[in-house]
**Q** 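Take this structure, written in structure tokens, and hold onto it; I'll ask about it next.
Bear in mind that the values here come from a model prediction, so they are computed numbers and not experimental data.
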Amino acid sequence: MTRRERLAVATVALLALAATITSLGHDFTFDDIYVVRNNARVHALTGLWKLFGQTYWPPQLGGDGYRPLVMTLFSLQWVAGNGAQWVFHLGNILLAVATAVAVYWCARAMLPLAGAWAAGALFAVHPVHVEVTGNVVGQSELIVALCLALAVGHYIRARRTGMLGLRDGAIVLVLFALGLLAKENAIVLPALLVAAELTVIENRAWRSDPRAARDARLLVLCTVLVASIYLYVRSLVQTNLAGFVPFPVFVFLKMDALERAALMMTEIPRVAQLLIFPTRLSGDYSPAEVHIPQGFELVELPGIFICIAVVALAFALRRRAPVASFGLWWVILSYLPVSNLLVAAGFIVAERTLFTPTIGVVLVAGAAFEWLRTQERPQLRRVAAAALGLLLVLGTARSIDRQRVWKNNDVFFDQLVRDQPNGYRAHFLRGRQVGSHTELRQTEMEYKRAIQLFPYDVSMTLVIASDYHRAGLCGPAVALLRWSYSVLEYTQDGRFQYVECLAKLGRWQESREAALDGLRWVDARQSRGLRRQVSSADSALGRRQWPRQAR
């Protein structure tokens, strides 16, 4: 490695460090609370192997996902720091620095030093990454991006000198397996390798050399084998294809694939903005900030145009600008699994899912910078250098400023409402947070606003009803529970609270009917409580009848 290359690696690492270092003093925030802080499964080193047979989210919270490598890493960090938050945030920072350097190294396999440095530096300071780098659970995204960048970079280097040897193939396969065990979106690696073969790799030895063709077939078979073993093991632990329960909007509005695609077309411009110039960021995107189209609407056209244009451009640049073409294919392939176009995800848009696609964006930027830098006109070179410097300054400043949002839950949920004033989940989540501080009046205001914006999320209305019940406010609890059961009749949640609140309101006949109806849906443990409520209702109704009989 030359002195210039060492300097390039050092500066990329320093930029990544500058963009993330302020998170070191942060608390556990949002999903960190449930996946790490309150999750006893990752608080000890005994039985680490058992994590490979468990879901990522605790069973009592839905049991979604399969990420044993990340859970193992959480266990190691918890024990190393005795549960101290700074150890986990230090882990995020180190992974962020390593990933930025890996992206530079991957780009260097395709671009000259300056273009590769531009790609790595822009990746290091990209503001959309803050949700990943500032939140402990973002380690899954960091590991996946790290593994993909290393695997693709190694593959391209090996292929440009010939076919992959046994050692090279083993390295790619190990990185593939590690990525899959960190998060399911690493499944795109084989597609990325195919895209590399069709764009940036000119060596076609496998087409004419029988030995090279055999090696290529062997690599394909081994890749399929690794993916198949992973999917089989994952299916034993997590049966949901997507890994997570679909977003409530998709479930409770009963959106089919076509309606879901129409919704995403309205969001594609936002995704493009977040990938290219993320001036406005948010920890959640939900209605009414997200528009839900009713059939075909003109608002879908920009998204459709962007999708068609990106695919067409990826094909058109294949020979003229192969690195830019490969970068566009990286964006397409890595975003597709989380785009809600193939399967329903647990979100509409989530900034954390854009972490890996931004590798493709910076590859395009690096290729564009290299093209401008090599033009004969010095003005273009100066403009390119000035634009890159400005983007790095703005990106670093924005990332540092955005890191403060993830300091703790109070700061995060307050900012969430400011970022998404018309997002129903923003108000719901903030309501839960202020409720934990017994600010009941503010909690109710946030809950009412959330319901006004989008009353069709039964998972939300059930939680709000439970909070009302716990506060002794049976009137609004009953109204919300009745609404929830009209939307999702078979749900078990809140049945006892519903029956109990009706009884407290003196509506014994309704309480009795609700208890009998609830018995159709609840399990044996809950049915005992409902049977007791039926008996209580019978007794109360009987006492009311005695005076009338006496008369």
**Q** Any salt bridge (charged side-chain N to carboxylate O under 4.0 Å, His left out) pairs touching residues 8-30, not counting sequence neighbours?
**A**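 Of all non-adjacent pairs touching residues 8-30, none passes salt bridge (charged side-chain N to carboxylate O under 4.0 Å, His left out).
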
**Q** Sequence neighbours left out, what passes side-chain hydrogen bond (donor to acceptor under 3.5 Å, both in side chains) with Thr20? Give chain and number order.
**A**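 Here no residue qualifies.
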
**Q** Could I get the full list of side-chain hydrogen bond (donor to acceptor under 3.5 Å, both in side chains) partners for Gln415, not counting sequence neighbours?
**A**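 Result, side-chain hydrogen bond (donor to acceptor under 3.5 Å, both in side chains) vs Gln415: Arg418, Asp419.
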
**Q** Kindly write out the residues that satisfy salt bridge (Lys or Arg N to Asp or Glu O under 4.0 Å) with Glu351, not counting sequence neighbours, or none if the list is empty.
**A** none

**Q** Report all side-chain donor-acceptor pairs from residues 130-138 shorter than 3.5 Å, counting only partners two or more places apart or in another chain.
**A**
from   : atom 1 : to     : atom 2 : distance (Å)
Glu131 : OE2    : Arg352 : NH1    : 3.0
Thr133 : OG1    : His129 : O      : 3.3
Thr133 : OG1    : Gln403 : NE2    : 2.9
Asn135 : ND2    : Thr29  : O      : 3.0
Asn135 : ND2    : Asp32  : OD1    : 3.1
Asn135 : ND2    : Asp32  : OD2    : 2.9

**Q** Please walk me through it: do Phe30 and Phe413 pass ring pair (Phe, Tyr, Trp, His ring centres under 6.0 Å)?
**A** CA-CA 9 Å; Phe30 203 17; Phe413 291 118; 5.6 Å; yes

**Q** Hey, would you say the Tyr34 and Phe28 ring centroids sit under 6.0 Å apart?
**A** no

**Q** Test of understanding: with ring-ring contact (aromatic ring centres under 6.0 Å, His included), list the residues that count as partners of Trp105, not counting sequence neighbours.
**A**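 Trp105 satisfies ring-ring contact (aromatic ring centres under 6.0 Å, His included) with no other residue.
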
**Q** Would you tell me whether Gln452 and His427 have side-chain atoms, one donor and one acceptor, within less than 3.5 Å of each other?
**A**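 The answer is no; no qualifying pair exists.
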
**Q** Of all residues at least two apart in sequence or in a different chain, which pass the side-chain hydrogen bond (donor to acceptor under 3.5 Å, both in side chains) check with Gln420?
**A** none

**Q** In terms of side-chain heavy atoms, does Asp284 have a donor or acceptor partner in Ser282 at a distance below 3.5 Å?
**A** no

**Q** Tell me every residue that passes disulfide (SG to SG under 2.5 Å) with Cys474, counting only those two or more places apart in sequence or in another chain.
**A** Cys501

**Q** Would you mind listing every disulfide (SG to SG under 2.5 Å) that reaches into residues 20-80, with sequence neighbours excluded?
**A**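 For residues 20-80, and leaving out neighbouring residues, there are no disulfide (SG to SG under 2.5 Å) pairs at all.
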
**Q** Disulfide (SG to SG under 2.5 Å) with Cys106: which residues, sequence neighbours excluded?
**A**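 Residues passing disulfide (SG to SG under 2.5 Å) with Cys106: none at all.
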
**Q** Trp483 and Thr461: side-chain donor and acceptor closer than 3.5 Å?
**A** no

**Q** Using the side chain to side chain contact (heavy atoms under 4.5 Å, CB included) rule, take His126 and Phe355 through it: C-alpha gap first, then chi angles, then the decisive distance, then the call.
**A** CA-CA 9 Å; His126 203 303; Phe355 188 77; over 6 Å; no

**Q** Identify, with sequence neighbours excluded, every residue that meets salt bridge (Lys or Arg N to Asp or Glu O under 4.0 Å) alongside Arg495.
**A**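 Result, salt bridge (Lys or Arg N to Asp or Glu O under 4.0 Å) vs Arg495: Asp517.
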
**Q** Run the side-chain hydrogen bond (donor to acceptor under 3.5 Å, both in side chains) test against Arg270 and tell me which residues pass, sequence neighbours left out.
**A**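 Result, side-chain hydrogen bond (donor to acceptor under 3.5 Å, both in side chains) vs Arg270: Glu267.
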
